[in-house]
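What you are looking at is a predicted structure, and each value in this text was computed from that prediction instead of being measured.
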Amino acid sequence: MDELEEVVYKHALMNAVKHKGSASPKAVMGSIMSQEAELRSRAKEIGPLSAKVVAKVNELSKEEQQAEMDKLGLEIHEKKQVKKEGLDELPGSHDNVVMRFAPNPSGPLHIGHARAAVPNGEYVKKYGGKFILRIEDTDPKRVYPPAYDMIQEDLKWLGIEPDEVYFQSDRFEIYYKYAEELIKRGAAYMCTCDGGEFKKLKDNCEPCPHRNQSVEENLKLWEQFPSMEAGSAVLRIKTDINHKNPAIRDWVAFRIVDEEHPRLGKKYRVYPMMNFSVSVDDHLMGMTHVLRGKDHLANSEKQKYLYKHMGWDTPEFIHYGRLKMEDIPLSTSKAKEGIESGKYSSWTDPRLGTLRAIARRGIQPEAIWNLMVEIGVKMSDSAVSWKKIYGLNRNVIEDKANRYFFVKNPVKIDVEDCPEEFSNFTLEKELHPDFPERGNRTLDFNGSVYIDGDDFKDGHIRLMDLINIDIDNGTVKFNSASFEDARKIKARIIQFVPTEEAIKAEVVMDDASVVEGFCEKDCKNLKVDDVIQFERFGFVRLDEIKDDKLVFYYAHK
C-alpha cells in the first residue's frame, strides 16, 4: 500500500466506524480534501482511489474495522454540542411589544452597548414589536456631537433599523408640562435647601422644610426657576421619606444647567434629570418592557413613584448583570482622552472596543449578535474575552473567506538546480478548498519567490503545493517535487509569494503595530471590506487600496 492509498485507507476506516460499518466514498473524499491540504491538488487521483479503498473497507466486519483502527492508532473525536443559553421569554404580555435602546451620545457605540441593543433587537424581532432609539442627551457635558450620527451608523452595522428615533433635547417642553402636572398633584416640590443640609435630613428620614409647601408656592418658584442661580434650587419628586434606601428618598427631577448644549445652545437652563425624562418618555412612547443593567435597579424603583403619581401603567423592568470585558477598553471618556492625546489613532483604533474598531478588523456583526444572545439576559455578571469573540467570528467567516498567500518580513530566495518543468510553472490553487466552484487563483513560479523571514533557516522546506527545497547556509537548492518526498524528509510546509507581480502589503495588527510583506498577485482583485484568510497567518480585512500597496487589518487566527 503506497502512502496515498494509506491516507485514503485511514480516512475510510474512520468514516466506516463512525457510520455503523459503512463508509461513503464521497464523505471520505470530503474528509481528505478538508484535512489534508497538500493532497487537494491530487483530487482527480484520489476520487477513483477512494471508491476502491471504501469498497475494501466495507467488506470488513465492524469488529475488523475497529481492530484496524486500533492497530493504526486512530481515534474518532466527536464534536461536542455546546448548549447556548439564549434569551428567556419576556415577562408579561407579548402583544404589541415596544422596547428601546437609549444611549447617551458621549461617543460611538462599543461592545458593552451591544449588551443592551442586541437583546432589545432580538426580542422585538421575536415578537414582531417596535424598536425605539432614544438619544438621551440631557447632560450637555457628556454630549459628543459626532456621536448623534455614529450611534445610528453603529446600530445599522449591528443589523438594527429603529422604527422610531427620538432626541431628548427636542422634548424639553414636554418635560416641563409633566413637571407642572406633578406639582399641581402635590407630587413634586421646589427645594431650595443646601445640598449638604438636605442630605443630613434625608439620611435621618426627615422631610425638608419645603416638602409641605403649597401648590401655589411651588408653581411660583417653578416659574422663577429659569432665572435662579445654578445649585440654588431643584425640583424633587415625593417618595417615601422612610424608604430603606436613602437614594430613593425625594429624588431630584430638575436642576439648573449653565453649560451650553451642542443642539440647544443656551435656550434652556432648567434641565430634567435622567429618571424624570426617562419615565415620561417610556410612558409616552408606549414602552412595554424596559431592559437595562442591574445598576439601574434603584432607578427603576425611583421611576415607579412617578408612574404611581401619574396613574400610569408601569412597564416590565428587566435587569441584567454587568458585562466584564477582558483586555477591552470600554470607557468612552478614556478612549476620547486617548484619541486626543495621540495614544489611539481614532475611534477605529484596533485596540479599542468600539463597534467601528471591531468592524474595521473584519469582525462580523453576526458574531457580536450571537455572543449577546448566547450570554442572554440574566442577573449574574458575564465575562467575555477576545478569544470568545474570535471563535464566534471564525464560525461566521470560515466559509466566506477566500484563501491567499502572504509573507511577512519577506526574504527573496532563488531556487538553484530547478528542473526545466518548474522554470516557468503556473500553480493553480482553489480560492476556497471547500468551495471549488468559486474558481482558482494562480501563482506564476519562475524559480524566485518571497518567503517569510522566520522561515528562512537551514533545513528541508516544501513550498506549499509546489516543490521541496533545501536551505543550507543561505543557499537554496531544489530537492524534489512530490508531497510524498516532503513527508519522507520531514520538510516544513510554508506559504510563499512569487516575486513576479508580488503586491506590497501591510497588516495593521490588533495591538496597532504594522507588519509589512508581500501578498500574491490575485489579491489585486479584492475590494475594500473583503475579509480573507492569509494562510498560516490569519483572517484579515482589506481596509485600503493604495497605489503602491494594499492595507489590511488583522482579525484573528
Side-chain angles (χ1 to χ4, degrees), residues 1-83 391 394-395 398-403 419 421-422 425 427-441 460-468 479-495 533 535-536:
M1 187 182 299
D2 63 25
E3 286 193 31
L4 180 60
E5 187 174 350
E6 183 180 343
V7 171
V8 176
Y9 183 65
K10 289 178 179 178
H11 281 268
L13 274 174
M14 288 190 286
N15 187 253
V17 171
K18 193 175 179 180
H19 295 92
K20 300 179 180 179
S22 180
S24 160
K26 187 176 180 180
V28 170
M29 178 75 173
S31 176
I32 295 170
M33 291 298 99
S34 64
Q35 296 181 43
E36 310 284 348
E38 282 296 322
L39 296 179
R40 289 168 188 158
S41 60
R42 301 178 66 179
K44 292 182 180 178
E45 187 180 347
I46 294 170
L49 184 57
S50 293
K52 173 185 169 185
V53 173
V54 164
K56 176 181 175 183
V57 167
N58 286 348
E59 288 178 357
L60 302 174
S61 67
K62 292 180 183 178
E63 291 74 17
E64 290 172 330
Q65 289 172 349
Q66 187 60 57
E68 283 290 290
M69 288 269 292
D70 295 340
K71 178 181 174 183
L72 296 171
L74 300 176
E75 293 182 3
I76 296 175
H77 300 285
E78 297 287 349
K79 290 184 179 179
K80 293 182 179 179
Q81 294 295 318
V82 179
K83 183 181 179 182
R394 194 176 295 108
N395 292 339
E398 184 77 50
D399 289 348
K400 299 178 182 178
N402 288 336
R403 276 50 168 171
E421 63 183 293
F422 289 107
F425 182 79
L427 172 67
E428 289 197 0
K429 284 183 66 66
E430 292 172 342
L431 284 168
H432 195 296
D434 297 333
F435 301 95
E437 64 274 12
R438 292 185 192 172
N440 299 324
R441 60 200 219 261
H460 304 300
I461 288 176
R462 177 164 180 78
L463 300 180
M464 192 178 289
D465 292 335
L466 187 62
I467 59 173
N468 308 316
N479 178 294
S480 53
S482 74
F483 176 62
E484 287 75 15
D485 287 339
R487 278 191 164 185
K488 288 176 182 176
I489 61 177
K490 298 181 179 179
R492 291 180 293 115
I493 302 171
I494 67 170
Q495 80 278 26
Q533 183 183 32
E535 297 194 43
R536 290 181 69 228

How close do [X] and [Y] get, counting heavy atoms only, and between which atoms?
X: Asn440; Y: Glu428; value: ND2-OE1, 3.1 Å
X: Leu39; Y: Phe483; value: CD2-CD2, 3.8 Å
X: Leu427; Y: Asp465; value: CD1-O, 3.3 Å
X: Glu5; Y: Val53; value: CG-CG2, 3.9 Å
X: Ala12; Y: Ala23; value: O-CB, 3.6 Å
X: Ser482; Y: Asn468; value: O-ND2, 2.9 Å

How many angstroms lie between [atom1] in [X] and [atom2] in [Y], if you round to the nearest 0.5 Å?
X: Ile467; Y: Glu421; atom1: CD1; atom2: CD; answer: 10.0 Å
X: Lys429; Y: Leu466; atom1: NZ; atom2: CG; answer: 10.0 Å
X: Arg394; Y: Gln533; atom1: CZ; atom2: CD; answer: 9.0 Å
X: Leu463; Y: Arg492; atom1: CG; atom2: CZ; answer: 10.5 Å

With no hydrogens and no angle check, is any side-chain donor or acceptor of [X] less than 3.5 Å from a backbone partner on [Y]?
X: Asn15; Y: Ser24; value: yes
X: Gln65; Y: Gly21; value: yes
X: Arg462; Y: Ala481; value: yes

Passing candidate, side chain to side chain contact (heavy atoms under 4.5 Å, CB included) with Ser31, options His11, Lys10, Met14: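 When His11, Lys10, Met14 are each tested with Ser31, the side chain to side chain contact (heavy atoms under 4.5 Å, CB included) holds only for His11.
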One pair to check against side chain to side chain contact (heavy atoms under 4.5 Å, CB included): Arg438 and Glu430. What are the steps and the verdict? CA-CA 8 Å; Arg438 292 185 192 172; Glu430 292 172 342; over 6 Å; no
Using 4.0 Å as the upper bound for N to carboxylate O, is an ion pair formed by Lys56 and Glu68?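 Looking at Glu68 and Lys56, the cut-off is not met.
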Any ion pair linking Arg487 and Glu36 (charged N to carboxylate O, less than 4.0 Å)?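 Arg487 and Glu36: salt-bridged.
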Donor on one side chain, acceptor on other, His432 and Arg403, under 3.5 Å: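 Yes, because at least one side-chain N or O of His432 sits under 3.5 Å from a partner of the opposite role on Arg403.
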Could you work out, with side chain to side chain contact (heavy atoms under 4.5 Å, CB included) as the rule, every residue matching Glu45, not counting sequence neighbours?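 With neighbours one apart ignored, the set is Leu4, Arg42.
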Hey, are the side chains of Lys62 and Lys20 touching, using non-hydrogen atoms and a 4.5 Å cut-off?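 They are in contact (side-chain heavy atoms under 4.5 Å apart), so the answer is yes.
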Could you check if a side-chain atom of Arg536 sits within less than 4.5 angstrom of a side-chain atom of Ile493, using non-hydrogen atoms only?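 Heavy-atom side-chain distance check fails, nothing below 4.5 Å.
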Taking everything shown except Lys400 itself, do over 12 heavy atoms lie less than 6.0 Å from its NZ?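 Enclosed.
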